[in-house]
Enquirer: 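There's a structure below that I have some questions on.
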Amino acid sequence: MKRVVSGIRPTGKLHLGNYFGAVQSFLNMQSEYDCYFFIADIHSLTTHPTPEDLHANVRTVLAEYLAMGLDPAKCALFIQSDIPAIYELYTYLNMNAYVGELQRSTSFKEKIRSQPDNVNAGLLTYPVLMAVDILVHHADYVPVGKDQQQHLEMTRQFGNRFNNLYKTEYFKEPEAFSSTGKLVKVPGLTAQGKMSKSSGDADTIFIDEDDKVIHKKIMRAVTDSGPEKPGEKKSEGVQNLFDLMALVSSEDVIAHFDKAHSEATIRYGDLKKQLSEDILTFIRPIRERIREISADNAYIAQAAKIGAEKANASAEKTLKEVREIIGFKKFY
Ligand code: TYM
């Protein structure tokens, strides 16, 4: 059976970008593939969370994974720091990742811009840790959003380099994957590119957020002053609202607003009201379930425990084999 691995950093609540970029594929894949889905809490240390925030954020994402429908009986659902083999493999793979290529990664360059006071070595070697997450379980597919494509390319590079160095075919080449056929980029509301927590609260719609807050954010989304004549191209902000509609609204609704835009009769207020309603219809049942599961300590604890057991079994096997390939041998 094909292996699937993916993870999300616990930096707070999950948003629509996480859902449509990643979790939707997780849900589609969990019954058909051998899946390993995790919470990348070691990765999140690059932003220096307090111990309280770290724990609370991991718990939030775990409860949200479960509420969205990930089933611990079908997939290994685990927390990255529960897998000791990850730290050791990270050390080994760091030996054949070159500083130059790490410095050229888009996400590293972006971090230098966004957090110039905290350009730590963990940020530089972030792609190595991500490669370890994937290679340790011999993944065939990695369901992720479009923003992670370069990291997948680096993962293949590190795996192949290990293979060449040790003259083996041990690691296979994983592929970035979307169960819907195309890697997704969910736009934010402020016309600054992808939806992302780091681009601010007004940009991002969280799954576990109240109706009023979501409605307000959408009504304030960046648009333009409206098409002046038929057939005008959509501005970035307006296109983003249509892209969001494509995720949650019916085809009829989208066709209606598309026609209104091309005929220059559109009222953005109506478009936003409809989008807000459709997003809320999508979110409400998940939000309710998040609140139920968040109150169920025993279920959360049990899920984390069985996930760690499954993931450790797979990771320990890889670690043992990698140590042998590298040439570590005991003298006693
Ligand atoms: P992270 O935590 O930033 O995002 C988690 C997942 O959500 C997707 N995503 C989006 N997809 C589409 N549109 C958006 N606006 C959007 N925002 C977020 C991301 O593509 C991702 O799939 N490095 C990873 C976490 C990670 C990982 C891994 C992923 C660590 N190890 C191993 C896969 C395999 C990250 O920071 O994702």
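Just so you know, these numbers use all the heavy atoms, side chains as well, and skip hydrogens, waters and symmetry mates. In listed order, ligands and their atoms are each counted from 1.
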Enquirer: Where is the nearest protein heavy atom to atom 37 (O) of ligand 1: which residue, which atom, and how far?
Expert: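 That would be Gln148 NE2, 3.6 Å.
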Enquirer: Using heavy atoms and a threshold below 4.0 Å, how should the contact between Gln80 and ligand 1 be classified: side chain, backbone, both, or neither?
Expert: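 None of Gln80 does.
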Enquirer: Identify the protein heavy atom lying closest to atom 31 (N) of ligand 1, giving its residue, its atom name and the separation to 0.1 Å.
Expert: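 The closest heavy atom on the protein side is Asp133 OD2, 2.7 Å.
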Enquirer: Donor-acceptor pair, Asn118 side chain versus Thr46 backbone, under 3.5 Å?
Expert: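 At least one qualifying donor-acceptor pair exists.
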Enquirer: Go through ligand 1 atom by atom and flag the ones less than 4.0 Å from a non-hydrogen atom of Gly21.
Expert: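 Answer, ordered by atom number: 11 (N), 12 (C).
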Enquirer: Which bit of Met195 is near ligand 1, meaning a heavy atom under 4.0 Å away: side chain, backbone, both or neither?
Expert: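 Both backbone and side chain.
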Enquirer: Side chain or backbone, does Tyr126 bring an N or O within less than 3.5 Å of an N or O on ligand 1?
Expert: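 Among all N and O atoms of Tyr126, at least one is under 3.5 Å from an N or O of ligand 1.
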Enquirer: Looking only at side chains, do Ser199 and Gln192 share a donor and an acceptor under 3.5 Å apart?
Expert: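 The answer is no; no qualifying pair exists.
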Enquirer: Give, for atom CG of Leu89 and atom CZ of Phe162, the distance between the pair rounded to the nearest 0.5 Å.
Expert: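 CZ of Phe162 is found 8.5 Å from CG of Leu89.
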Enquirer: Is the backbone N or O of Lys212 less than 3.5 Å from a side-chain atom of Asp210, with the two atoms forming a donor-acceptor pair by type?
Expert: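 Checked: no pair found.
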Enquirer: When you measure from the side chain of Asn163 to the backbone of Tyr170, do you find a donor-acceptor pair of N or O atoms at a distance under 3.5 Å?
Expert: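 Checked: pair present.
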Enquirer: For a quick check under 3.5 Å, do Tyr36 and Asp133 share a side-chain donor-acceptor pair by atom type?
Expert: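 Absent: no donor and acceptor within the cut-off.
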Enquirer: Between Gly17 and ligand 1, is there a nitrogen or oxygen pair with a distance under 3.5 Å?
Expert: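 Yes; the residue has a nitrogen or oxygen that sits under 3.5 Å from a nitrogen or oxygen of the ligand.
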Enquirer: To check your reading of the model: name the closest protein heavy atom to atom 12 (C) of ligand 1, its residue, and the distance in Å.
Expert: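 For atom 12 (C) of ligand 1, the nearest protein heavy atom is Val184 O, 3.2 Å.
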Enquirer: Side chains of Leu244 and Asp278: closer than 4.5 Å at any heavy-atom pair?
Expert: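 Counting from C-beta outward, Leu244 and Asp278 never come under 4.5 Å.
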Enquirer: Taking a cutoff of less than 4.0 Å between a non-hydrogen atom of the residue and any ligand atom, is Phe20 in contact with ligand 1?
Expert: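 Outside the 4.0 Å threshold, so no.
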Enquirer: Side chains of Asp243 and Gln239: do they bring a donor and an acceptor to under 3.5 Å?
Expert: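 Per modelled atom types, Asp243 and Gln239 side chains form a pair under 3.5 Å.
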Enquirer: Does an N or O from Lys194, backbone or side chain, lie closer than 3.5 Å to an N or O of ligand 1?
Expert: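 The answer is no, given that Lys194 and ligand 1 share no N or O pair closer than 3.5 Å.
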Enquirer: Got the closest protein heavy atom to atom 26 (C) of ligand 1, with its distance?
Expert: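 Residue, atom and distance for the closest contact: Gly7 O, 3.8 Å.
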Enquirer: Side chain, backbone, both or neither: which applies to Val142 and ligand 1 if a contact is any heavy-atom pair less than 4.0 Å apart?
Expert: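 Looking at Val142 and ligand 1, just side chain atoms fall under 4.0 Å.
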Enquirer: If the contact criterion is a heavy-atom separation under 4.0 Å, does Ser6 count as touching ligand 1?
Expert: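 Checking ligand 1 against Ser6, which is what was asked, there is a heavy-atom contact under 4.0 Å.
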Enquirer: How close do Gly188 and Asn240 get, heavy atom to heavy atom, and via which atoms?
Expert: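 Smallest interatomic distance, heavy atoms only, reads O-ND2, 3.6 Å.
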Enquirer: Could you verify whether a donor N or O on one side chain and an acceptor N or O on the other, from Arg9 and Asn18, lie under 3.5 Å apart?
Expert: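 No donor-acceptor contact under 3.5 Å links the two side chains.
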Enquirer: Heavy atom under 4.0 Å from ligand 1: found in Ile8's side chain, backbone, both, or neither?
Expert: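 Both parts.
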Enquirer: If you count the atoms of ligand 1 from 1 in the order shown, which ones are under 4.0 Å from a heavy atom of Gly145?
Expert: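 So the answer, numbered in order with elements, is 11 (N), 19 (C), 20 (O), 22 (O).
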Enquirer: Just to confirm my output: which protein heavy-atom neighbour is closest to atom 18 (C) of ligand 1, and how far is it?
Expert: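 Ranked first by proximity to atom 18 (C) of ligand 1 is Asn18 ND2, 3.5 Å.
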Enquirer: Specify side chain, backbone, both or neither for Asp147, according to which of its non-hydrogen atoms lie closer than 4.0 Å to ligand 1.
Expert: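 Side chain only.
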Enquirer: So which bit of Leu129 gets within less than 4.0 Å of ligand 1, heavy atoms only: side chain, backbone, both or neither?
Expert: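 The answer is neither.
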Enquirer: Any side-chain to backbone donor/acceptor pair from Gln80 onto Ile42? Under 3.5 Å, distance only.
Expert: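 Side chain of Gln80 to backbone of Ile42, a donor-acceptor pair under 3.5 Å: yes, one is there.
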Enquirer: May I ask whether His15 has any heavy atom positioned less than 4.0 angstrom from an atom of ligand 1?
Expert: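 Heavy atoms of His15 do come under 4.0 Å of ligand 1.
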Enquirer: Ligand 1 and Lys146, any nitrogen or oxygen pair closer than 3.5 angstrom?
Expert: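 For ligand 1, there is no N or O atom that lies under 3.5 Å from one belonging to Lys146.
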Enquirer: Which residue supplies the protein heavy atom nearest to atom 1 (P) of ligand 1, what is that atom called, and how far is it?
Expert: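 Result for atom 1 (P) of ligand 1: Arg9 NH2, 3.6 Å.
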Enquirer: Does the plane of the ring in Phe37 sit parallel, tilted or perpendicular to the ring in Phe26? Use 30° and 60° as the thresholds.
Expert: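 Phe37 vs Phe26 ring planes: parallel.
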Enquirer: Measure the distance from atom 13 (N) of ligand 1 to every protein heavy atom, then report the residue, atom name and distance (to 0.1 Å) of the closest one.
Expert: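 The protein heavy atom lying closest is Val186 N, 2.8 Å.
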Enquirer: Out of all atoms in ligand 1, which are within 4.0 Å of some heavy atom of Ile134? Include the element for each.
Expert: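 What qualifies from ligand 1 is 32 (C), 34 (C).
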Enquirer: Out of all atoms in ligand 1, which are within 4.0 Å of some heavy atom of Lys185? Include the element for each.
Expert: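 The list of qualifying atoms is 12 (C), 13 (N).
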Enquirer: Please confirm whether the backbone N or O of Lys259 pairs with a side-chain atom of Ser262, one donor and one acceptor, at under 3.5 Å?
Expert: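 Judged by distance alone, yes, a pair lies under 3.5 Å.
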Enquirer: Examine the proximity of ligand 1 to Phe37 and report which part, side chain or backbone, both or neither, has a heavy atom under 4.0 Å away.
Expert: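 No part of Phe37 comes within reach of ligand 1.
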Enquirer: Is Thr204 reaching over with its side chain to a backbone N or O of Ser196, donor-acceptor style, under 3.5 angstrom?
Expert: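 Yes, because the side chain of Thr204 sits within donor-acceptor range (under 3.5 Å) of the backbone of Ser196.
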Enquirer: Under 4.0 Å between a side-chain nitrogen and a carboxylate oxygen: does that hold for Lys320 and Glu324?
Expert: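 Yes, Lys320 and Glu324 are salt-bridged.
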